[in-house]
Trainee: 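Mind looking over this structure? Questions follow.
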Amino acid sequence: MQLPPLALSHRVEAAEEEETRGGRPSAPGALGDALSTVSSGCFCSKRETNRWDNMKSNPAIQAAIDLTAGAAGGTACVMTGQPFDTMKVKMQTFPNLYRGLVNCCIKTYTQVGFRGFYKGTTPALIANIAENSVLFMCYGFCQQIVRKVVGLEKTSKLSDMQNAAAGSFASAFAALVLCPTELVKCRLQTMYEMHTSGKIAEGQNTVWSVVKDILRKDGPLGFFHGLSSTLLREVPGYFLFFGGYELSRSFFASGRSKDELGPIPLMLSGGFGGVCLWIAVYPVDCIKSRIQVLSMSGKQAGFVGTFASVLKNEGIGALYSGLKPTLIRAFPANGALFLAYEYSRKLMMSQFEAY
């Protein structure tokens with residue numbers, strides 16, 4: 001059994017005292033046994049450290065941990081922010097139907113009931129779990145790429161801006177899994193408005209019915225309506241997202257290790273990162289939502305055509321319709337995302353360390 005350092009120190013001191021006390025010889029090998037215990041303890045500690053370092057440097061283990069922690073973060077994000085996301089998509093797609101957030105909430109509850117706020121939760125869960133799993137898994141790989149580009153060692157710490165660049169690169173991969181699931185989510189969230197406005201003859205109320213409709217009309221490529229808009233939102237947006245998050249963590253750490261931050265600073269940092277993202281790319285997200293929803297009623301113009309049409313017919317204010325629920329959602333949803341990610345990641349790392 002390995003003794004703690006303080007106990008080992010006491011054993012050495014006791015052995016030395018026994019050998020020198022009254023000139024009497026000590027029990028044979030007492031000091032040697034104590035020193036052997038210290039040496040054994042140091043050897044075990046060194047061996048465990050090497051094993052831990054090897055685990056941390058193993059890209060497969062790191063990827064699995066990041067993927068699982070990202071999935072936990074995505075789940076927390078949806079559970080805390082789904083009603084606000086529903087209001088956002090409705091107001092983006094049908095700005096003339098709703099005078100504001102409160103009006104949208106009242107009309108949604110009157111028309112569909114409380115469940116209307118959670119329309120599209122299943123695809124939203126799939127979307128966020130898939131997106132954040134891929135995002136944080138690729139984030140780790142992209143951090144290594146950034147280290148190689150700037151000439152740093154594998155274990156070197158990246159600056160806040162270098163972390164932001166890694167997050168931006170990772171978001172391009174995440175967009176490929178996000179676009180299909182977000183398409184289904186947005187259509188479910190606005191199905192009532194599409195049906196009552198006469199844009200579609202019959203609405204679909206389940207995930208499977210929406211999926212079948214997409215496959216029947218457009219085939220597998222139909223799931224990638226709005227992909228260019230998604231990429232235009234994700235790549236610059238996640239530079240600001242991770243940049244805002246890391247800068248905020250550095251601010252709260254004040255010279256300490258950022259890994260020592262408690263839950264409140266982590267949630268505030270995540271919320272600040274979310275606000276940075278949405279303020280910068282919200283008009284792009286508005287165009288993406290319109291393309292994905294309105295393509296239900298037939299072929300929809302691309303990003304440039306839809307953007308020009310909105311500006312010409314509705315004005316620049318229409319591009320920011322639904323911004324209020326998005327910013328309100330940013331703090332609890334993104335705070336929960338990073339809180340779940342960081343703590344689940346630490347838990348898994350500590351389990352590997354104990355093993």
Trainee: List for me each residue that meets ring-ring contact (aromatic ring centres under 6.0 Å, His included) alongside Tyr118, sequence neighbours excluded, and say none if there are none.
Mentor: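 Partners of Tyr118 under the ring-ring contact (aromatic ring centres under 6.0 Å, His included) test: Phe114.
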Trainee: Sorted by first residue and then second, give each salt bridge (Lys or Arg N to Asp or Glu O under 4.0 Å) pair with at least one member in residues 105-120; sequence neighbours left out.
Mentor: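 Non-adjacent pairs meeting salt bridge (Lys or Arg N to Asp or Glu O under 4.0 Å): zero.
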Trainee: If you apply the rule side chain to side chain donor-acceptor pair (under 3.5 Å), what do you find for Lys148 with Gln144, and how did you get there?
Mentor: CA-CA 6 Å; Lys148 286 183 180 179; Gln144 292 300 333; over 6 Å; no
Trainee: Between Arg345, Gln351, Met349, which is the residue that forms a side-chain contact (heavy atoms from CB on, under 4.5 Å) with Leu347?
Mentor: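 Only match with Leu347 under side-chain contact (heavy atoms from CB on, under 4.5 Å): Gln351.
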Trainee: Determine, using ring centers only, whether Tyr245 and Phe338 are less than 6.0 Å apart.
Mentor: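 Here the rings of Tyr245 and Phe338 have centres that are less than 6.0 Å from each other.
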Trainee: Can you confirm whether the side chains of Glu234 and Ser171 place a donor and an acceptor under 3.5 Å from each other?
Mentor: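 Looking only at side-chain atoms, Ser171 and Glu234 do not form any donor-acceptor pair under 3.5 Å.
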Trainee: For residues 323-333, which residue pairs pass the salt bridge (Lys or Arg N to Asp or Glu O under 4.0 Å) check, not counting sequence neighbours?
Mentor: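 Every candidate salt bridge (Lys or Arg N to Asp or Glu O under 4.0 Å) pair involving residues 323-333 fails, so no pair, neighbours aside, qualifies.
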Trainee: Gln82 pairs by side-chain contact (heavy atoms from CB on, under 4.5 Å) with which of Thr121, Leu125, Asn128?
Mentor: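 That would be Thr121.
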Trainee: Could you list the residues that satisfy ring-ring contact (aromatic ring centres under 6.0 Å, His included) with Tyr341, not counting sequence neighbours?
Mentor: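 Tyr341: ring-ring contact (aromatic ring centres under 6.0 Å, His included) contacts with Phe136.
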Trainee: Under 3.5 Å, side chain of Ser344 to main-chain N/O of Ala72, donor-acceptor pair present?
Mentor: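 Not at all, since once roles are kept as given, no pair shorter than 3.5 Å links the two residues.
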Trainee: Apply the hydrophobic cluster definition, ILVMFWY joined by side-chain contacts under 4.5 Å directly or through others, and give me every member besides Phe141.
Mentor: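 ILVMFWY cluster around Phe141 also holds Leu67, Met137.
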Trainee: If you link ILVMFWY side chains whenever their heavy atoms are less than 4.5 Å apart, which other residues fall into the same cluster as Phe173? By chain and number, please.
Mentor: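 Besides Phe173, the cluster holds Val134, Val177.
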